[in-house]
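Positions are given from 1, in the same order as the sequence printed here. None of the values given here were measured: they were computed from a predicted structure.
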Amino acid sequence: MTPVVLIAEELAPAAIDVLAYDFDVRHVDGTDRPALLTALADADAVIVRSATRVDAEAVAAAPRLKVVARAGVGLDNVDVNAATARGVMVVNAPTSNIVSAAEQAIALLLAVARHTADASAALKRGEWKRARYTGVEVQGKTVGVVGLGRIGVLFAQRMAAFGTRLIAYDPYIQPARAAQLGVRLVGLDELLRESDFISIHLPRTPETLGLIGEKELATVKPGVRIINAARGGLVDERALAEALAEGRVAGAGLDVFVTEPTTESPLFAFDTVVATPHLGASTVEAQDKAGLSVARSVKLALQGEFVPDA
Ligand code: NAD
Ligand code: MLT
C-alpha cells in the first residue's frame with residue numbers, strides 16, 4: 001500500500017512535488033479537529049505548520065504514523081514526548097524561516113516607531129494628518145533582545161546597522177559570544193529598565209510563557225516599544241493592554257497571539273499597536289525552504305533512510 005502523507009496546512013507547491021510521485025498525498029484542514037483525527041487514521045506522515053495541534057490524542061489517532069513534520073521552527077504545537085514514546089519521528093526545519101522572522105520583527109519595530117500602519121489607514125480614509133503621526137528615530141536607542149538564538153542574532157545584527165545600542169537577556173548564551181556580536185548580555189531586570197525597544201525571540205515553553213507579565217511591565221523604561229514576533233503569551237496580553245492604556249508602553253508590534261487564529265483582542269483597540277496575523281514565516285523564500293526541507297525529511301523517513309539534521 002502506498003504510504004499516506006497528510007498535509008494539514010498550506011505547504012509550498014515545490015514541496016508537494018517532492019512527495020507526490022512516491023506517496024499518496026492527502027490534504028486536511030488541521031484546525032478542523034474531527035477531520036484531522038479522522039484523516040490521521042490512515043496517515044504514515046503528517047506535515048503541519050503552527051496552527052495544527054499534534055498532541056497525544058492526535059498521535060493516538062494515527063496508528064500507522066511514522067513521522068510528524070513541522071514546516072517551520074517552533075515545536076510547541078507538537079507533543080514531542082507523546083510522539084517519541086510511540087516511536088514516531090519528529091522533524092522540523094529550524095533554519096528555514098529565521099531570516100524572514102527577523103525581518104518581520106524589524107518591520108514591526110519600524111512600523112511602531114513611525115506609526116506606519118495607522119498613518120497609511122488614515123490616509124486611505126482621506127485623512128492627511130502629519131503632526132498626529134510624529135514618530136521616533138531608532139538610531140541611538142537601546143534595543144533589548146530577549147532570546148539571543150538564531151532569530152535573535154539575525155535581528156541584532158540588522159539592528160546594529162541602525163546605530164542602536166544592543167543589550168540582550170539569554171541565560172543560555174556565553175557573554176563572549178554576545179560580545180562578538182556587539183551585544184552586551186544583561187539580566188532581564190536591567191534589560192527592562194534600559195530598553196527603548198524590546199524584541200522577543202524566545203520559544204514558547206512553560207518557563208517562557210508570561211515571562212513579560214504585569215510585574216515586569218511595571219519596571220520598564222517609560223515609553224518603551226515592545227515587539228513580539230515569536231509566540232503569543234510570552235508577553236502577557238492583558239498586562240500589555242494595561243501598560244499601553246497607562247502610556248507606560250508607547251507601542252507594540254505583535255505578530256503572534258495567545259489564541260490563534262484570532263480577529264478580536266483588546267490590543268487591537270490601540271492606535272499604537274501594529275498587529276499582523278502570524279506572518280513571520282510567510283515569505284516565498286521561507287515557505288519554499290521550510291516545505292522542501294520537511295518534504296525531503298519525510299521522504300527519507302518513510303523510505304527507511306537516515307534523516308540528517310535539517
Ligand atoms: P533558537 O532556539 O535558536 O533561540 C531561542 C533562544 O531563546 C535561545 O538562545 C535560548 O537560549 C533562549 N531561551 C530559551 N529559554 C529562555 C529563557 N527562559 N529566557 C531567556 N532566553 C531563553 O530559536 P529561534 O530560531 O531563534 O526561534 C525562536 C522562536 O521564534 C521559535 O521557537 C518560534 O516560536 C518563533 N518563531 C516565530 C516565527 C513567526 O512566524 N512569527 C517564525 C519563526 C520562529
Ligand atoms: C515557526 O515557528 O516556524 C513559525 O511560527 C512559522 C510558522 O508557523 O509557519
Is the closest basic N to carboxylate O distance between [X] and [Y] below 4.0 Å?
| X | Y | answer |
| --- | --- | --- |
| D170 | R177 | no |
| D118 | K129 | no |
| E214 | R238 | yes |

Could you list the donor-acceptor pairs under 3.5 angstrom formed between side-chain atoms of residues 104-115 and any protein atom two or more places apart in sequence or on another chain?
from : atom 1 : to   : atom 2 : distance (Å)
Q104 : NE2    : D255 : OD1    : 3.3
Q104 : NE2    : T276 : OG1    : 3.1
H115 : NE2    : T134 : O      : 3.1

Crowding at [atom1], [X] (>12 non-hydrogen neighbours, <6.0 Å):
| X | atom1 | result |
| --- | --- | --- |
| E305 | CD | yes |
| Q174 | CD | no |
| E260 | CD | yes |
| E10 | CD | no |
| R125 | CZ | yes |

Can you tell me how far [atom2] of [Y] sits from [atom1] of [X], rounded to the nearest 0.5 angstrom?
| X | Y | atom1 | atom2 | result |
| --- | --- | --- | --- | --- |
| K141 | R225 | NZ | CZ | 8.0 Å |
| E237 | L254 | CD | CG | 7.5 Å |
| H201 | L148 | NE2 | CG | 9.5 Å |

What I'd like to find out is whether the side chain of [X] reaches to under 4.5 Å of the side chain of [Y], using heavy atoms alone.
| X | Y | result |
| --- | --- | --- |
| K299 | F23 | yes |
| I16 | H27 | yes |
| V99 | E103 | yes |
| R64 | M1 | yes |
| L302 | K66 | yes |
| P175 | R184 | no |
| Q303 | D22 | yes |
| L211 | L188 | yes |

By ring pair (Phe, Tyr, Trp, His ring centres under 6.0 Å) - contacts of F257 (at least two apart) = F268
With clusters defined by side-chain heavy atoms of hydrophobic residues (ILVMFWY) lying less than 4.5 Å apart, directly or transitively, does [Y] cluster with [X]?
| X | Y | answer |
| --- | --- | --- |
| V256 | L202 | no |
| L267 | I226 | yes |
| L75 | V307 | no |
| V273 | I212 | yes |
| V67 | L19 | yes |

For a quick test of reading the model, state the closest non-hydrogen atom pair linking [X] to [Y] and the distance between them.
| X | Y | result |
| --- | --- | --- |
| F155 | S199 | CZ-CB, 3.4 Å |
| A8 | L36 | CB-CD1, 4.3 Å |
| S50 | R231 | CB-NH2, 4.4 Å |
| A281 | A286 | O-CB, 3.4 Å |
| E9 | T52 | OE2-OG1, 2.7 Å |
| K221 | R193 | CB-O, 3.3 Å |

Please say which of L40, N77, V59 ends up in a side chain to side chain contact (heavy atoms under 4.5 Å, CB included) with V54.
-> V59
Only one of V136, T164, V138, T142 clears side chain to side chain contact (heavy atoms under 4.5 Å, CB included) with D196; which?
-> T142
Taking only residues two or more places apart in sequence, or in another chain, which ones meet D79 in a salt bridge (Lys or Arg N to Asp or Glu O under 4.0 Å)?
-> none
Judged by atom type as modelled, is there a donor-acceptor pair below 3.5 Å linking the side chain of R86 to the main-chain atoms of A62?
-> yes
Measure from the side-chain N and O atoms of T208 to the backbone N and O of L234, and report whether any donor-acceptor pair falls under 3.5 Å.
-> no
Residues L123, W128; criterion side chain to side chain contact (heavy atoms under 4.5 Å, CB included); working and verdict = CA-CA 6 Å; L123 181 53; W128 181 273; 3.6 Å; yes
Using the side chain to side chain contact (heavy atoms under 4.5 Å, CB included) rule, take T219 and D189 through it: C-alpha gap first, then chi angles, then the decisive distance, then the call.
-> CA-CA 8 Å; T219 67; D189 292 356; 5.9 Å; no
